[in-house]
Amino acid sequence: MKKAVALRPITAPSAVLPYLEGLDMVLVMTVEPGFGGQAFLEHQLDTIRQVRALIERYNPACRLEVDGGINAKTAAAVVAAGADTLVAGSAVYGAAEPAVAIAALRGD
């Protein structure tokens, strides 16, 4: 079993601090949870950067996952901001050729 916390876009990055040392993963939502196909919220890049800094300081083994609006364009930005795990739903399952979409997410 793994321990994780998810942060909605309205949640401050510092909300993970009481739990961070015991976590295996922090999930930053870059859309409001509820349904697929939403547009990526650009301001969440700052949240990703802040969470990455907290992880590096308090629990470097913790994964930083990002979910919401991930596609070939946003994937590079969230990885640059510090994410190491990405969830891409609509970009893959809504694509005419899912394998091509996955390759684009990977930067192939």
Side-chain angles (χ1 to χ4, degrees):
M1 182 181 316
K2 303 283 184 178
K3 299 173 292 296
V5 167
L7 300 179
R8 291 178 54 198
I10 63 170
T11 307
S14 60
V16 301
L17 279 173
Y19 316 101
L20 189 53
E21 290 181 353
L23 294 176
D24 297 301
M25 183 182 73
V26 175
L27 168 62
V28 173
M29 295 296 302
T30 50
V31 298
E32 280 297 328
F35 60 94
Q38 296 180 63
F40 180 82
L41 298 173
E42 293 284 331
H43 69 272
Q44 285 301 93
L45 289 171
D46 191 46
T47 298
I48 296 165
R49 286 185 206 94
Q50 290 179 48
V51 171
R52 170 52 61 199
L54 292 171
I55 287 172
E56 291 304 317
R57 182 171 180 188
Y58 296 104
N59 184 359
C62 185
R63 306 290 301 199
L64 176 49
E65 182 174 63
V66 175
D67 184 4
I70 300 299
N71 57 40
K73 178 185 173 188
T74 60
V78 299
V79 169
D84 54 44
T85 307
L86 308 181
V87 177
S90 297
V92 173
Y93 297 106
E97 296 184 52
V100 173
I102 291 169
L105 286 164
R106 292 181 175 153
D108 297 346

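Here, residue 1 is the first one in the sequence, and each next residue gets the next number.
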Hydrophobic clusters here meaning ILVMFWY residues chained together by side-chain heavy-atom distances under 4.5 Å, can you tell me if [X] and [Y] are in one?
X     : Y     : answer
Val26 : Tyr58 : yes
Leu7  : Met29 : no
Val5  : Leu86 : yes
Ile48 : Leu20 : yes
Tyr19 : Leu27 : no

Out of curiosity, [X] [atom1] to [Y] [atom2], how far, rounded to the nearest 0.5 Å?
X     : Y     : atom1 : atom2 : answer
Arg8  : Leu41 : CZ    : CG    : 11.5 Å
His43 : Thr30 : NE2   : OG1   : 9.5 Å
Leu17 : Asn59 : CG    : CG    : 11.5 Å
Arg63 : Leu23 : CZ    : CG    : 14.0 Å
Leu54 : Glu21 : CG    : CD    : 11.0 Å

Side chain proximity check, Val78 to Phe40, heavy atoms < 4.5 angstrom: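 Yes, at least one pair of side-chain atoms sits under 4.5 Å.
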Gln44 side chain near Val31 side chain, heavy-atom distance below 4.5 Å: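 Not in contact.
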Heavy-atom closest contact (Arg52 atom, Cys62 atom, distance):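 Distance-wise, the nearest heavy atoms are NH1-O, 4.3 Å.
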Intermediate values then yes/no, side-chain contact (heavy atoms from CB on, under 4.5 Å), Val87 and Ile70: CA-CA 7 Å; Val87 177; Ile70 300 299; 5.7 Å; no
